[in-house]
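First up is the structure itself, then whatever we jot down about it.
Count residues from 1 along the sequence. Counting starts at 1 for both ligands and their atoms, in listed order.
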Amino acid sequence: MKLTRKVAPKVDPQNHDEGMGRRQFLKSAGITATGVATAAAFAPSMMRKSQASEYVSHDVPTQVKRSICSACAVGCGIYAEVQNGVWTGQEPAFDHPISKGSHCAKGAAEREHGQGKRRVRYPLKLIDGKWQKLSWEQALSEVTDKMKSIRKQSGPDSIYFMGSAKFSNESAYLYRKLAAMWGTNNVDHSARICHSTTVAGVANTWGYGAQTNSLNDMHNAKSILLIGSNPAEAHPIAMKHILIAKERGAKIVVADPRFTRTAVHADLYCPLRPGTDIPFIYGLLWHIFDNNWQDDEFIKTRVFAMEDIREEVKNYDPDTVSDITGVDKKTLFEAAKTISENRPGGITWCMGGTQHHIGNSNTRVYCILQLALGNLGVSGGGANILRGHDNVQGATDLGVLFDTLPGYYGLTTGSWQHWSRVWGLDYEWVKGNFNQGEYLGRQPMTSPGIPCSRWHDGVLEEKKNIAQADNIRLAFFWGQSVNTETRQNEVREALDKLETIVVVDPYPTMASVLHNRKDGVYILPACTCYESYGSVTNTSRSIQWREKVIEPIFESKPDTEIMYLLSKHLGFDKQFTKNIAKTDTGILIEDITREFNKGMWTIGMSGQSPERLKYHTMHWGEFSYDDLVASSGEAKGEVYGLPWPCWGTPDIGHPGSTILYNTNLHVKDGGSNFRARFGVEYQGKSLLADGTYSKGSEIKDGYPEFSADMLKQLGWWDDLTEQEQQQAEGRNWKTDLSGGIIRVALEHGCSPYGNAKARCKVWTFPDPVPIHREPLYAPRRDLVAKYPTYEDMRVHRLPTLYRSIQEQDFTDKYPLQLSSGRLVEYEGGGEETRTNAWLAELQQEMFVEIHPTDAAARNINNWDDVWLEGAEGGRIKIKAMVTPRVREGLAWMPFHFAGFMSGENLIDKYPDGTAPYVLGESANTALTYGYDPVTQMQETKCSLCQIEKA
Ligand code: SF4
């Protein structure tokens with residue numbers, strides 16, 4: 001074969017100050033420029049550069065593999081061209097039902113993962129300050145010996161399992177199972193710090209904590225309110241769907257503290273102060289109620305406690321809201337009128353809404369707005385919450401979380417018994433792996449562990465203050481980089497204090513280099529998703545099957561194989577893989593899918609067998625770009641990716657649910673109603689739906705969730721087969737492993753989870769009705785007394801500060817408000833994307849956006865070096881971008897950078913040849929304390945800082 005090397009991009013990893021990226025960036029970053037995101041999204045021909053093969057051959061047959069972009073949760077389709085086992089070319093899949101031939105810059109550069117220039121090539125260990133090569137066997141033996149020794153001294157909770165939003169569904173499920181069988185709930189992943197508040201807030205409002213409608217269905221919206229969301233940069237192909245709606249006449253309203261590249265496309269822009277989402281939404285509701293624009297019939301029949309909201313909204317008249325939010329009264333009125341007059345309308349939010357110490361209240365108030373307008377369960381409406389990483393939805397669904405088992409079953413004894421049955425194991429054996437003690441009133445097995453946002457507090461906090469036997473002493477950082485967490489100085493201190501750090505990743509993420517240590521660090525090379533196969537769930541619940549594109553490169557291994565090997569070394573591989581066939585290299589991935597299918601009844605992730613998912617991927621061209629439904633082929637009538645709930649067992653052939661809570665469809669066709677999740681009454685009032693039900697329901701009113709007893713009361717028990725009756729006896733729809741209860745409910749047109757009202761009041765949360773609270777680092781001291789934060793409290797295993805921070809006034813020393821967000825070129829902590837030459841070339845500098853007035857007051861010119869100091873003293877040296885797209889008094893930073901720490905360049909600490917092309921200061925070095933009391937989401941959008949010329 002003849003191989004021709006093409007020219008590599010000019011990026012000098014040792015010189016981050018110069019280069020085309022900076023000039024190009026400065027040129028393209030003006031407030032009216034549409035920028036890289038939309039250029040890439042809407043002009044596929046412009047993306048040829050990154051599709052160029054490094055090795056081109058004209059005499060070797062090309063295999064085309066189907067895969068899904070790993071850079072975000074939109075889930076765009078890729079045709080990967082492979083010659084002789086080398087990934088030589090890439091095309092955006094022209095017939096993919098979600099992306100239809102478009103990729104953004106990140107998607108177009110995905111092939112680079114398969115080249116691996118900066119990948120970790122073999123297991124490494126830091127010894128006396130030098131990285132040394134190890135065999136896999138030696139590395140795993142040393143790591144697991146250390147785990148066993150810590151377990152003996154401190155118990156299983158002293159090991160931390162940081163997981164990944166880049167796991168396939170199968171890897172995510174297996175990782176949660178690995179932590180469970182080790183005996184800890186100290187397992188979590190980056191959903192904690194991106195959308196945990198969405199999951200908690202939305203699920204507690206109407207049943208499921210996920211996007212309600214598909215991306216494609218956004219075409220049908222008559223208006224879209226985007227709040228704290230910038231899809232033009234963060235989710236460019238989702239933005240394409242939004243712009244299709246705009247082309248069809250939808251009104252676009254953007255509420256954001258920055259005039260973003262999404263705001264450029266808005267019909268109306270609302271420049272609100274960070275952290276004032278609740279007053280802003282209540283301000284809209286004030287006008288909606290004042291003008292009788294609400295949907296009374298919808299509220300009467302399908303919503304609980306809207307009257308409590310009406311009471312609260314009285315406190316948010318236009319003058320008050322304008323004062324708190326900074327949005328003028330006319331704009332506020334126009335926004336309320338626009339979304340009221342243009343229904344159905346959708347709402348979209350991202351981390352601008354979620355990453356707050358009151359994030360759970362923010363997400364609930366967004367839902368409440370949609371309930372008031374009757375915008376749920378309809379095409380063109382919904383809460384279209386864009387998730388970040390490619391499988392953050394799936395990793396959340398499959399329980400890589402500190403407070404639940406897969407499928408949101410929680411951590412009760414009943415939940416453990418359910419999963420023990422699925423695993424085919426004795427519950428007592430599973431229980432026996434946990435520490436049996438009680439710590440500050442909590443039992444380790446049934447109480448949430450330590451969240452990923454605060455793993456470092458689990459290391460540093462005084463032992464007597466933590467509700468577990470001992471501090472964390474060894475941590476896995478598997479597919480997640482620690483520069484994503486706020487308070488980087490404490491993160492570094494915790495890395496220094498840990499006895500052992502185990503990084504498992506294709507790239508050496510920050511836990512490998514941020515510390516000041518000379519030993520006790522391992523890096524185990526994991527494959528990218530393109531070197532394995534399995535399923536991945538996109539932001540709107542469609543599950544796609546990735547083919548393996550190439551074999552694992554260098555000595556890297558798939559996540560599933562590494563987990564299996566760990567279980568072997570730890571001595572529980574037989575239990576761990578009891579239902580899973582073994583292969584030459586590890587375990588059969590399809591069997592993992594089949595196993596979680598048998599337990600995931602709660603969200604209907606039970607009907608998506610590997611065979612059905614593979615069919616959908618291999619025939620994605622048969623599914624409509626308008627509604628995702630197949631009009632021909634074996635899957636005719638099914639929705640692309642069988643979006644959950646895909647009820648029952650695979651053999652009943654449920655088509656999946658493209659729009660949640662849609663009563664206009666029969667439940668067998670994907671219809672449903674709000675979930676009866678919170679009981680049947682509250683304080684004497686019924687929580688069940690009032691006279692509404694999904695099409696074809698034989699129960700013509702609200703009803704509770706289905707159980708064996710309910711089937712008997714309804715006279716439907718005999719619809720079960722004898723075998724189903726045996727398994728269903730004494731159980732409910734969530735724990736009946738036969739799926740019979742669900743099957744019979746569907747046969748009678750009913751939703752297995754019942755039929756209830758959505759609720760505006762969550763009586764188990766600190767703020768049952770959402771109320772505004774000023775941030776801990778409050779910029780408006782005059783508002784603190786009226787809108788104070790919470791009292792300091794214990795949240796799960798850790799003491800958590802609120803008032804003791806907010807009562808101090810930091811505004812003299814730190815007068816600027818500080819926020820963070822995403823760039824189109826990079827994603828997450830940025831390790832993968834800054835290691836990608838094609839992307840690195842586009843954006844080479846960490847910077848802070850500062851308003852011209854604030855810059856002038858500090859004698860700062862555009863692109864000067866500046867020191868930015870956060871309110872807890874974290875300092876970073878970065879470039880200043882002087883731009884009016886941030887409000888006066890606000891500074892904004894991208895959060896994708898790392899590799900510098902307070903001016904110190906860490907490049908020499910990386911293993912040879914693995915440093916990302918672009919290094920920079922982490923925004924999170926300057927960002928500060930603040931955690932949502934329900935989910936422990938970190939506050940990254942409302943802090944304080946000062947900026948001075950360097
Ligand atoms: Fe699509 Fe997201 Fe990949 Fe861009 S990063 S190509 S929007 S999946």
Side-chain angles (χ1 to χ4, degrees), residues 34-51 66-80 90-114 165-166 168 194-195 211 214-216 218 229-244 261-262 348 350-351 384-394 528-530 535-544 546 549 617 620 625 640-641 822-834 836 838-839 842-843 894 896:
T34 50
V36 177
T38 42
F42 302 120
S45 60
M46 293 174 67
M47 296 182 294
R48 293 301 304 177
K49 184 177 178 187
S50 58
Q51 294 162 23
R66 293 181 181 218
S67 192
I68 303 301
C69 174
S70 71
C72 95
V74 170
C76 299
I78 290 174
Y79 283 128
Q90 177 191 327
E91 288 288 342
F94 64 92
D95 55 346
H96 187 267
I98 297 166
S99 51
K100 204 173 170 81
S102 294
H103 278 170
C104 74
K106 291 187 289 286
E110 283 291 277
R111 188 187 65 93
E112 195 67 9
H113 290 304
K166 295 247 165 285
S168 65
C194 59
H195 272 292
Q211 180 165 333
S214 69
L215 293 167
N216 307 55
M218 291 165 94
S229 173
N230 180 18
E233 295 210 63
H235 303 90
I237 304 308
M239 187 69 195
K240 186 175 166 186
H241 291 287
I242 291 167
L243 292 183
I244 289 172
R261 286 175 177 165
T262 301
T348 289
C350 293
M351 292 173 355
N384 295 315
I385 312 144
L386 303 176
R387 304 297 301 254
H389 289 283
D390 58 338
N391 201 32
V392 68
Q393 182 66 54
T528 67
C529 63
Y530 301 110
S535 65
V536 56
T537 307
N538 91 331
T539 184
S540 46
R541 298 169 283 104
S542 280
I543 305 175
Q544 307 188 79
R546 285 185 175 121
V549 174
T617 292
W620 60 33
Y625 187 60
Y640 180 64
R822 284 176 70 160
L823 300 172
V824 68
E825 297 87 358
Y826 297 139
E827 63 143 351
E831 297 292 303
E832 285 186 353
T833 41
R834 285 181 289 103
N836 186 314
W838 302 107
L839 296 172
L842 297 173
Q843 178 58 274
H896 310 292

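- Looking at every heavy atom in both residues, N216 comes nearest to P97 through ND2-O, 2.7 Å.
- The ring-ring contact (aromatic ring centres under 6.0 Å, His included) search around H96 returns W620, Y640, not counting sequence neighbours.
- If you check the side chains of T539 and Q211, you find a donor sitting under 3.5 Å from an acceptor.
- None of T617, I543, N391 except one satisfies the side-chain contact (heavy atoms from CB on, under 4.5 Å) rule with S535; the exception is I543.
- Take D390 and apply the side chain to side chain donor-acceptor pair (under 3.5 Å) test, not counting sequence neighbours, and it matches K166, R546.
- In the vicinity of G75, heavy-atom distances shorter than 4.0 Å reach the ligand 1 atoms 8 (S).
- Panel detail: atom 4 (Fe) of ligand 1 has protein N, O or S atoms under 2.8 Å away, 1 in number.
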Just distance, no hydrogens or angles: give the donor-acceptor pairs under 3.5 Å from side chains in residues 67-76, sequence neighbours left out.
residue, atom, partner, partner atom, Å
S70, OG, E110, OE1, 2.5

